[in-house]
A.B. asks: 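Before I ask anything, let me first share the structure, which is written out below as structure tokens.
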Amino acid sequence: MTLRRRLVVAVAALAVVLLVAGVSILLVQRAFLMGRLDAQLAGLAANPRALLLASQRAPAAGAGSLSDVYVGRMGSAGRLTTVLAPDTDPDLVPDVARGESIPTPTGRGTVSGTTAQVRVLTVSLANGRAEAVIAVPTTSADIATRRLAATLTVVGLVVAAIVGLLLWWVDRLGLRPIAQMTEAADAITAGDTTRRVPPGRPGTEAARLGEALNTMIAASTATNERMRRFVADASHELRTPLTTLGGYAALHRSRPPGPLDDEGRADVDDAMRRIGDEAGRMRRLVDGLLDLTGLEGADGLDLGPVDLGPLLHDVASDLRVVAPDREVSLDAPDSFVVTADRDRVTQAVVGLTSNAVRHTPAGTPVSVRVLTRPGWVRVQVADSGPGVPAEHLPHLTERFYRVDRSRSSGSGGSGLGLAVVDAIARAHGGGLSVSSEPGRGSTFSLDLPVTPAS
Ligand SMILES: Nc1ncnc2c1ncn2[C@@H]1O[C@H](COP(=O)(O)OP(=O)(O)OP(=O)(O)O)[C@@H](O)[C@H]1O
Ligand SMILES: [Mg+2]
């Protein structure tokens with residue numbers, strides 16, 4: 001059942017309860033008033049002397065207390081003769097049949113007079129030959145009951161109006177926006193990604209919910225778009241080496257059968273070398289993608305104490321071997337222990353140093369430095385190469401981003417290296433930042449917390 005329907009049912013139930021309560025109050029009040037009149041009648045009936053006197057027109061005998069009472073006398077012939085009529089209605093005659101005996105107070109109409117209803121009772125007079133008919137108009141009780149009914153109706157209508165207003169308010173501020181959100185969410189699920197939840201009235205829960213929903217939709221749309229772009233980019237990157245491999249295979253198939261001469265053998269060797277290069281490129285690409293997926297997923301890090309001193313010393317030594325033409329300087333303490341994933345940190349630093357070698361001209365010096373501040377360590381890899389133009393800096397950590405696509409892809413770069421370094425830094429709770437000045441070199445700073453928050 002929807003919230004709106006539940007609310008309507010609750011209000012309907014409340015209305016029924018109020019109606020029943022109102023009617024009950026009316027009935028109880030009326031029964032009370034009638035009981036009072038009946039008690040008055042019973043009191044008169046219990047005092048036949050007063051009645052007798054009254055019936056003999058003896059106003060002195062309590063006529064004051066009888067001013068609103070009808071007293072009639074029904075002789076043995078059964079005819080009713082008015083003895084005393086209420087001051088307010090002198091013509092009153094209750095509707096009592098000839099010779100009828102009414103032993104208990106009963107409601108009756110009237111045959112004349114302005115009064116409509118009376119409570120009536122007959123009492124045998126002392127001589128036993130006649131009956132006294134005593135009646136009291138119910139007018140005042142009827143008026144009181146009608147007034148109470150009118151008051152209850154007005155109160156009921158006011159309560160109904162207030163409840164109606166409240167319902168309208170709740171519906172406008174709470175339920176209608178939720179219905180609109182549901183509709184928008186359905187539309188988005190059906191594929192309308194441009195659809196957004198209409199903004200609710202500021203300060204209401206519905207408005208906050210709407211904002212949260214819109215933020216969530218935007219985030220989900222962005223994630224989907226990133227995913228789509230990622231798949232498109234990855235496919236595109238993989239297509240180039242695959243095309244090359246396919247080309248060499250086709251070339252080989254088109255070769256005439258028979259033994260190879262020296263030139264043919266050299267061609268095959270060259271083709272095999274290229275195939276190996278392309279396969280290596282694909283492997284690096286796939287490795288990079290797997291690294292990123294692992295770092296962004298729930299695989300986690302293999303944390304332990306890592307001494308950055310010897311680690312960076314080894315990286316610098318390897319670099320000197322791989323690039324003997326470079327001057328590699330290392331400025332790091334002999335020992336500086338952090339809690340980190342050794343393999344991942346090594347991979348990140350190597351990613352930065354290999355970039356410094358790959359993307360700068362031969363002979364360009366490379367320096368590795370360690371800077372510390374409380375709780376943090378910064379590993380800086382700087383070169384004095386051509387640098388990176390400012391407009392490319394914010395994109396360097398994007399997947400497959402290369403400043404000079406043709407040159408970098410020619411040099412085997414996939415554009416995943418810095419994305420992996422950045423992902424490693426983030427997985428540790430740190431980050432990667434770049435500063436570069438075209439013509440003067442670049443500095444990549446890998447920030448790591450000494451102890452990552454778990
Ligand atoms: N030290 C540097 N000097 C100048 N440009 C750099 C430097 N390091 C990175 N770049 C630029 O940033 C781009 C992205 O680097 P990244 O490491 O992500 O990819 P890559 O080195 O091209 O490929 P790989 O995935 O093999 O590392 C490079 O293509 C290059 O254009
Ligand atoms: Mg790289």
Side-chain angles (χ1 to χ4, degrees), residues 226 229-230 233-241 244 276-296 312 315-316 318-319 322-323 325-330 343-369 378-427 431-446:
R226 261 206 318 275
R229 232 181 35 225
F230 171 63
D233 288 348
S235 314
H236 179 80
E237 293 295 327
L238 282 169
R239 198 158 56 189
T240 315
T244 313
D277 285 353
E278 293 303 319
R281 213 167 102 124
M282 279 171 70
R283 204 200 62 242
R284 282 197 300 279
L285 201 70
V286 172
D287 283 350
L289 290 176
L290 286 176
D291 280 344
L292 281 176
T293 325
L295 286 163
E296 286 173 6
L312 293 176
V315 171
D318 293 351
L319 194 61
V322 176
D325 58 316
R326 308 278 176 150
E327 183 193 312
V328 178
S329 65
L330 174 65
D343 292 345
R344 291 301 192 184
V345 172
T346 310
Q347 183 184 4
V349 180
V350 169
L352 296 179
T353 51
S354 62
N355 270 356
V357 171
R358 182 188 284 169
H359 302 293
T360 57
T364 310
V366 178
S367 77
V368 179
R369 279 208 299 166
R378 169 171 279 192
V379 180
Q380 258 184 357
V381 178
D383 63 65
S384 41
V388 179
E391 69 269 23
H392 292 287
L393 289 179
H395 304 289
L396 286 190
T397 53
E398 289 172 14
R399 294 164 180 195
F400 307 115
Y401 195 87
R402 292 176 296 240
V403 174
D404 182 348
R405 281 193 159 257
S406 52
R407 195 166 60 85
S408 300
S409 64
S411 65
S414 61
L416 283 178
L418 288 178
V420 173
V421 176
D422 184 54
I424 291 172
R426 281 169 192 271
L432 174 69
S433 51
V434 195
S435 67
S436 185
E437 225 180 298
R440 306 198 58 177
S442 320
T443 304
F444 290 79
S445 303
L446 174 69

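Ligands are counted one by one from 1 in listed order, and the atoms in each one are counted from 1 as well.
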A.B. asks: Taking the side chain as C-beta and beyond, is there a heavy-atom pair between P389 and V403 under 4.5 Å?
C.D. replies: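 The answer is yes, as the side chains (C-beta and beyond) meet within the 4.5 Å cut-off.
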A.B. asks: Quick one: which ligand 1 atoms are inside 4.0 Å of a heavy atom on N355?
C.D. replies: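 Answer, ordered by atom number: 1 (N), 8 (N), 9 (C), 15 (O), 16 (P), 17 (O), 21 (O), 27 (O).
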A.B. asks: Can you confirm, on distance only, whether ligand 1 has an N/O atom lying under 3.5 Å from any N/O atom belonging to T360?
C.D. replies: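 For ligand 1, there is no N or O atom that lies under 3.5 Å from one belonging to T360.
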A.B. asks: Using a plain distance cutoff, I'd like to know if A419 has any nitrogen or oxygen under 3.5 Å from a nitrogen or oxygen of ligand 1.
C.D. replies: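 No, no N or O pair falls under 3.5 Å.
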A.B. asks: When L352 is tested against each of V366, D383, V368, L432 for side chain to side chain contact (heavy atoms under 4.5 Å, CB included), which residue passes?
C.D. replies: L432
A.B. asks: Please determine if R344 and D291 form a salt bridge, counting it only when a charged side-chain N lies under 4.0 Å from a carboxylate O.
C.D. replies: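 Looking at R344 and D291, the cut-off is met.
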A.B. asks: For V388, counting its heavy atoms only, list the atoms of ligand 1 lying under 4.0 Å from any of them.
C.D. replies: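 Counting from 1, the qualifying ligand atoms are 4 (C), 5 (N), 6 (C).
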A.B. asks: Which of these, R358, H359, R284, R281, has its nearest heavy atom closest to atom 24 (P) of ligand 1?
C.D. replies: R358
A.B. asks: When you look for heavy atoms under 4.0 Å from ligand 1, do you find them on the side chain of S442, its backbone, both, or neither?
C.D. replies: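 Under 4.0 Å from ligand 1, S442 contributes side-chain atoms alone.
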A.B. asks: Kindly confirm or rule out an N or O of L396 lying under 3.5 angstrom from an N or O of ligand 1.
C.D. replies: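 In fact, backbone or side chain, L396 has no N or O that close.
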A.B. asks: Measuring from L330:CG to L319:CG, what's the distance to the nearest 0.5 Å?
C.D. replies: 10.5 Å
A.B. asks: Given the rule in the salt bridge (charged side-chain N to carboxylate O under 4.0 Å, His left out) test, do E237 and R399 qualify, once you have shown the distances and angles that lead to the verdict?
C.D. replies: CA-CA 11 Å; E237 293 295 327; R399 294 164 180 195; over 6 Å; no
A.B. asks: So does V381 get a backbone contact from the side chain of R369, meaning a donor-acceptor N/O pair under 3.5 Å?
C.D. replies: no
A.B. asks: Counting heavy atoms only, name the option from V403, V420, L393, V421 that's nearest to atom 11 (C) of ligand 1.
C.D. replies: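 Of the listed residues, V403 has the closest heavy atom.
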A.B. asks: Using non-hydrogen atoms of the residue, decide whether A356 is closer than 4.0 angstrom to ligand 1.
C.D. replies: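 For ligand 1, residue contact (heavy atoms, under 4.0 Å) with A356 is present.
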A.B. asks: Would you please classify the geometry between the Y401 ring and the H392 ring as parallel, tilted or perpendicular, with 30° and 60° separating the classes?
C.D. replies: tilted
A.B. asks: With only distance considered, is G415 within less than 3.5 Å of ligand 1 through an N or O on each side?
C.D. replies: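 Min N/O separation from ligand 1 is below 3.5 Å for G415.
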A.B. asks: Is the distance between the Mg ion (ligand 2) and the nearest N/O/S atom of N355 smaller than 2.8 Å?
C.D. replies: yes
A.B. asks: Quiz question: by atom type and distance under 3.5 Å, do the side chains of R281 and T240 form a donor-acceptor pair?
C.D. replies: no
A.B. asks: Just distances here: any N/O of Y401 and N/O of ligand 1 closer than 3.5 Å?
C.D. replies: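 Y401 vs ligand 1: no N/O contact under 3.5 Å.
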A.B. asks: Taking only Lys NZ, Arg NE, NH1 and NH2, and the carboxylate oxygens of Asp or Glu, determine whether R426 and D422 approach each other closer than 4.0 Å.
C.D. replies: yes
A.B. asks: Please report whether ligand 1 has a polar contact with R402, defined as an N or O pair separated by less than 3.5 Å (distance criterion only).
C.D. replies: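 There is no such contact.
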